[in-house]
Amino acid sequence: MKVMVLGSGGREHAICHGLSLSPEVDKLYCSPGNPGIAQIAECVALPSGDNEAVADFAVKNQIDLLVVGPEQPLCDGVADVVRAKGIPVFGPSKAGARLEGSKDFSKQFMVKYDIPTARYATFSEPEKALEYVAAEYAAGRGVVVKADGLAAGKGVIVATCQQEAEDAVRSCFSGTFGAAGSLVVIEELLEGEEASILALTDGNTIVPLVSSQDHKRLLDKDMGPNTGGMGAYSPAPVVTDELMTEISETVLARFLKGIQSEGLEYRGIIYAGIMVTKNGPKVLEFNVRFGDPETEALLPRLKSSLFDVLSKTAQKKLDQAQMVWGEQPSVCIVMASAGYPGTLQKGYPITGIEAAEAEGVIVFHAGTAVKDGVLVNNGGRVLVVTAEGPTVADATAKAYAGVKKIHWEGVQYRSDIAYRAINRK
Ligand code: AMP
Ligand code: GLY
C-alpha cells in the first residue's frame with residue numbers, strides 16, 4: 001500500500017513511524033516532512049495550502065491513503081478535494097473541521113448536543129465583551145478569553161484577573177490574532193485536572209484511543225507561559241474506567257450523534273480536551289486532528305497496525321478495525337529551543353541522538369533542519385523523546401536518560417513530566 005502523510009512536526013513523525021511499522025505499507029510519502037521523517041519516508045515539498053497539488057500528487061502516485069496531520073489543511077478542505085478523486089482520506093471534511101476552526105461553532109455544537117462544557121458567550125464587539133467580563137468578575141467568577149478562529153495555539157488567554165481579561169479582549173479585537181479574533185468567545189474559568197481523550201470516528205462508529213495527558217506550561221510545576229505542549233504521558237490515571245465510561249456517554253456518543261444529525265462528513269480523529277471538574281468532565285475544546293505531543297506518547301503504545309485502523313476509518317469500516325494496545329505506560333519529553341514559546345534561537349548543531357536511541361527511546365523530530373550536512377534546531381519544539389516502561393516512573397526515567405544524551409546550545413525541557421501520574425502511585 002502507498003500512503004501519504006501531510007505535515008512536518010513530531011506528531012507527523014510519530015504517525016509516519018507507526019505507518020512504517022505497519023506490514024501493509026510498502027511506500028510512504030510525507031509532505032513536507034522533516035529530517036527525522038526523511039529516514040523512513042520519501043519527503044516531497046508540495047506547495048503549502050495547495051489542495052489541488054496534493055490531489056494531483058495522490059492521483060499520479062496511486063496513493064491508497066492520505067493522512068492529514070495538522071488542522072490548517074483540514075480547515076482549508078484538503079480532505080474534500082482529495083476524497084473527490086476517489087482516494088481514501090483520514091481527516092474530516094472542511095465542514096467537520098470547523099469544530100476546531102471556529103470556537104463559536106464548536107460551542108454551539110456542544111450546547112445543541114448536550115455535551116458538557118463551560119458556560120460561554122460570543123461577541124463581535126469589544127464594548128459588549130468588556131461589559132460581560134465586568135459582570136462576570138462582579139459576580140465573583142473568572143473567565144477565559146478565546147479568539148474564535150485558528151491562532152496557532154495562541155488564541156486562548158486564561159485570565160488571572162479582570163485587567164488581564166480586558167486586555168485579552170482588546171488584544172483580540174485589535175487584530176493580534178488576525179481574522180481569528182474578530183469574534184471572541186468568553187468562557188467560564190473551569191478548575192480541575194486536564195486530560196486528552198482522542199477517538200477515531202468514521203461517522204458510524206466512534207472508538208476511543210487510550211487516554212493521555214499533556215503539559216501545556218513551559219516550566220516545571222506548571223509555571224510559565226502556555227506552549228503547544230512540553231510533554232505527555234499515557235495513560236492518564238485521572239481517567240479512571242468509570243470516568244472513561246462517563247466521557248464515552250456524555251461526550252463521544254453525543255459527538256457522534258451531533259455529526260450525524262448535522263450531516264458533517266467526518267472520518268478521522270476527534271480530540272476532546274477535557275477538564276475533570278468536581279461537577280464531572282467538561283470539554284474545553286475539540287480538535288479535529290491528533291494532539292501534539294500526545295500522539296508521540298500514544299502511538300508507540302499501539303502494537304497492531306496503524307495503517308489498518310487509519311485506512312478502515314477512512315473507508316467507513318471502523319467497526320471492522322482492531323486495536324491492540326501495549327500494557328506499559330509511555331512518556332514523551334519535548335526538547336525545545338531557547339526562547340520558546342517566544343523568539344527562537346535557531347541553527348545550533350544537535351548532538352547525541354544515536355546515543356539517546358541506544359538507551360531504548362524513540363526520538364521524534366519536530367523542528368529540525370539539515371544545514372551544510374549538520375542537523376540543527378529549527379523550530380520551537382525541536383525533538384520529542386518517548387519511552388515505555390513497566391511503570392510510569394520507569395518510562396519517565398528512561399525517557400530522561402535519553403534526553404540527557406542530546407544537546408544543542410540553549411536546549412530547554414521540563415524536568416517534571418508525568419509528575420502527577422508518578423505522585424498518584
Ligand atoms: P484550548 O486551546 O481551548 O484547549 O485552550 C488551551 C488551554 O487553555 C487548555 O488546555 C486549558 O489549559 C486552558 N483552558 C481553556 N479553556 C478553559 C476554561 N474554560 N477554563 C480553564 N482553562 C481553560
Ligand atoms: N497538545 C495540545 C494540542 O495538540 O492541541
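In each ligand, atom 1 is the first atom listed, and ligand 1 is the first ligand listed. Bear in mind that the values here come from a model prediction, so they are computed numbers and not experimental data.
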At under 4.0 Å between heavy atoms, which part of Arg289 makes contact with ligand 2: side chain, backbone, both or neither?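 Contact part for Arg289 vs ligand 2: side chain (C-beta onward).
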Side chain, backbone, both or neither: Tyr271 near ligand 2, heavy atoms under 4.0 Å: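 It is the side chain that touches ligand 2; the backbone stays farther off.
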Please examine the side chains of Asp214 and Glu194, heavy atoms only from C-beta on, and report whether any two atoms are closer than 4.5 Å.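 Heavy-atom side-chain distance check fails, nothing below 4.5 Å.
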Should you measure from each heavy atom of [X], which atoms of ligand 2 turn up under 4.0 Å away?
X	result
Asp214	1 (N), 2 (C)
Asn287	5 (O)
Gly228	1 (N), 2 (C)
Gly291	4 (O)

Could you tell me whether ligand 2 has any atom less than 4.0 Å away from a heavy atom of Lys216?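 Flag set, Lys216 near ligand 2.
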List the protein residues in contact with ligand 1, where contact means a heavy-atom separation under 4.0 angstrom.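 Residues within 4.0 Å of ligand 1: Lys103, Ala118, Val144, Lys146, Val156, Val158, Glu187, Glu188, Leu189, Leu190, Glu194, Lys216, Met275, Leu284, Glu285.
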Pair Tyr113-Phe255, ring-ring contact (aromatic ring centres under 6.0 Å, His included): steps then yes or no: CA-CA 7 Å; Tyr113 294 99; Phe255 175 87; 9.4 Å; no
Gap between atom CD of Gln72 and atom CG of Leu150 - 0.5 Å precision: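 One gets 5.5 Å once the value is rounded to the nearest 0.5 Å.
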Are Gln345 and Ser337 linked by a side-chain donor-acceptor pair shorter than 3.5 Å?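 No.
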If the plane angle is over 60° it's perpendicular, under 30° parallel, otherwise tilted; pick one for Tyr132 and Phe123.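 It falls in the tilted class, 30° to 60°.
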Would Arg289 count as a cation-pi partner of Tyr271, with NZ or CZ less than 6.0 Å from the six-membered ring centre and within 45° of the ring normal?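 Judged by the rule, Arg289 and Tyr271 form a cation-pi pair.
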Establish, yes or no, whether the cationic atom of Arg11 lies under 6.0 Å from the six-membered ring centre of Phe290 and within 45° of the ring axis.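 No - Arg11 does not lie over the ring of Phe290 by the 6.0 Å and 45° rule.
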Does Glu193 come within less than 4.0 Å of Arg424, counting only side-chain N to carboxylate O?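 Here Glu193 pairs with Arg424 in a salt bridge, since their nearest N and O are under 4.0 Å apart.
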Between Glu359 and Lys405, does any NZ, NE, NH1 or NH2 come within less than 4.0 Å of an OD or OE carboxylate oxygen?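 Counted as a salt bridge, because a side-chain N and a carboxylate O are separated by less than 4.0 Å.
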